**Q** 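Structure in structure tokens, see below.
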Amino acid sequence: MTTDIHPLAAEYLERLRRAARRVPPGRRRELLAEIEGHLSEAIEPGASDTHALTVLDKLGDPEAIIAAEMPRPDESPERRGAREWAALILLPFGGFIFGVGWLAGLILLWSSRGWTTRDKWIGTLVVPPSAAGRGGSARRDRIRPSAKAADIERRCSRRTKNGWPHGSARRAR
Amino acid sequence: VLELCVLALLRDGERYSYELVRALGDADGLVTTEGTLYPMLGRLRREGVVDTTWRESPSGPPRRYYRLTPDGQAALDGFVIEWTRFRGSVDALLGNGVLR
């Protein structure tokens, strides 16, 4: 990354990195890049310690910055709540519930902020046989719905581990 | 209010993060710790009121440039109207000596 950096700025970044461990990976990467940019703009590698300390003091305590970065309870698109679990259960199996469960699952899927549009399309287009509404075929394909469920489940958990599902590709450029 | 000040700073065109943070930091009484502005910029990106591009800088690491999205412009326009009304009311009360 940055090669020339004032020793005090390097020390500050190290403290920030340690404190940032509890931030979701995508957000952590972005925040560290921004703060690193700030430090290299504000402190020349050969600047005086006094100047460096003034800049760092204005920037504030690393813990305070991390506290501000932590997701608020009202914005947690990468977490799965009751809505997401209900969608995961209803999409593959909902067809058995009077045929409308699947539709309910679809509504929950599209109204959730926990998945990207691409994931939502996959969840929509992979229609389990149970949703076809024919009792006979649903019984014959009993194995397949659970395979679909496992597939959707796998996609979601991978997304979650990556951190932000929203716009991460856009921000990466 | 700070969020809307960022939008206001972007009204005349894009700026990179450090410029934004320094402009807010230098405004009297607005910001106590500049570092906490970066998480706020992240929130504005996620809310879709600003859009960003990374670009090389003549010196040092690449800079992240921010600009208003149509949503951001709309939020700013709404805020300017509200703020003007709010300020007018408070000024009128102060001017009349009601709050002295």
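Naming: A, B, ... by sequence-line order, numbering from 1 per chain. As the structure is a computational prediction, the values presented were derived from the model and not from experiment. Note: hydrogens, waters and symmetry copies are ignored here, and every other heavy atom, side chains too, is used.
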**Q** Return the option, out of A/L31, A/I66, A/L59, with the maximum number of heavy-atom pairs under 4.5 Å with chain B.
**A** A/L59

**Q** Check this for me: A/E44, atom CD, are more than 12 non-hydrogen atoms of other residues, nucleotides or ligands nearer than 6.0 Å?
**A** no

**Q** Looking at NE2 of A/H38 and CG of B/L20, how far apart are the two atoms once the value is rounded to the nearest 0.5 Å?
**A** 12.0 Å

**Q** Can you see which heavy atom on B/P39 is nearest to which on A/I65, and at what distance?
**A** CG-O, 3.6 Å

**Q** If you take all heavy atoms of B/P61 and A/G37, which pair is closest and at what distance?
**A** CG-CA, 4.2 Å

**Q** Any chance you could measure B/Y18, atom OH, to A/L39, atom CG, to the nearest 0.5 Å?
**A** 9.5 Å

**Q** Among residues 79-88 of chain B, which ones touch chain A with a heavy-atom distance under 4.5 Å?
**A** none

**Q** A/A67 versus chain B, heavy atoms under 4.5 Å apart: side chain, backbone, both or neither?
**A** neither

**Q** Set out, in order, the CA-CA distance, both residues' side-chain angles and the distance that settles side-chain contact (heavy atoms from CB on, under 4.5 Å) for A/R27 and B/R46, then state yes or no.
**A** CA-CA 11 Å; A/R27 291 172 73 148; B/R46 285 189 293 277; 2.8 Å; yes

**Q** Return the CG to OG1 distance between A/D61 and B/T36, rounded to the nearest 0.5 Å.
**A** 11.0 Å

**Q** For the pair B/R22 and A/E41, find out whether any cationic side-chain nitrogen is under 4.0 Å from an anionic carboxylate oxygen.
**A** no

**Q** Going by an N to O cut-off under 4.0 Å, is there a salt bridge joining A/E34 and B/R45?
**A** yes

